[in-house]
Structure formats: C-alpha cells, structure tokens
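Below, all heavy atoms of this structure are taken into account, side chains as well, without hydrogens, waters or symmetry copies.
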Amino acid sequence: MKAKSKSELAELAGVSVCTLVNWFKPHMAELEALGLKPRMRVLPPK
C-alpha cells in the first residue's frame with residue numbers, strides 16, 4: 001500500500017484539507033498510536 005498525503009486523501013474524500021484535519025481531531029489519540037503526528041504531510045500506509 002502506498003503512503004498518501006493529506007491533500008490526496010482530502011481530494012479522494014471530496015473535501016478540503018482543513019475539513020479532513022477537522023475530521024481527524026476527535027480521533028487524534030488513536031491516530032497518534034498508529035504513528036500519525038499532527039503536522040505530518042504524508043500519512044503512513046498502515
């Protein structure tokens with residue numbers, strides 16, 4: 001699986017990057033446990 005950037009994920013979801021980040025906010029503890037840091041541009045493929 002290829003890593004995707006936040007902008008690529010936002011485009012696939014049909015939303016802006018800001019909206020995508022807002023969707024992440026309630027789940028940041030779980031995302032950080034998976035290796036996602038708040039300022040990352042490229043998200044891990046896992």
- Shared-cluster residues of L12, by chain and number - hydrophobic side chains joined below 4.5 Å: none
- Got a sec, which residues hit side-chain hydrogen bond (donor to acceptor under 3.5 Å, both in side chains) with K25, two or more places apart in sequence or on another chain? N22
- Item | Residues that E11 engages under salt bridge (Lys or Arg N to Asp or Glu O under 4.0 Å), provided they are two or more places apart | none
- Looking at CE of M28 and NZ of K37, how far apart are the two atoms once the value is rounded to the nearest 0.5 Å? 9.0 Å
- Message: For the CH2 atom of W23 and the CG atom of L9, what is their distance to the nearest 0.5 Å?
- Response: 10.5 Å
- Item | Nearest non-hydrogen partners of L20 and A10, listed with the distance | CD2-N, 3.8 Å
- Rounded to the nearest 0.5 angstrom, the NZ-CG distance for K6 and L36 is 6.0 Å
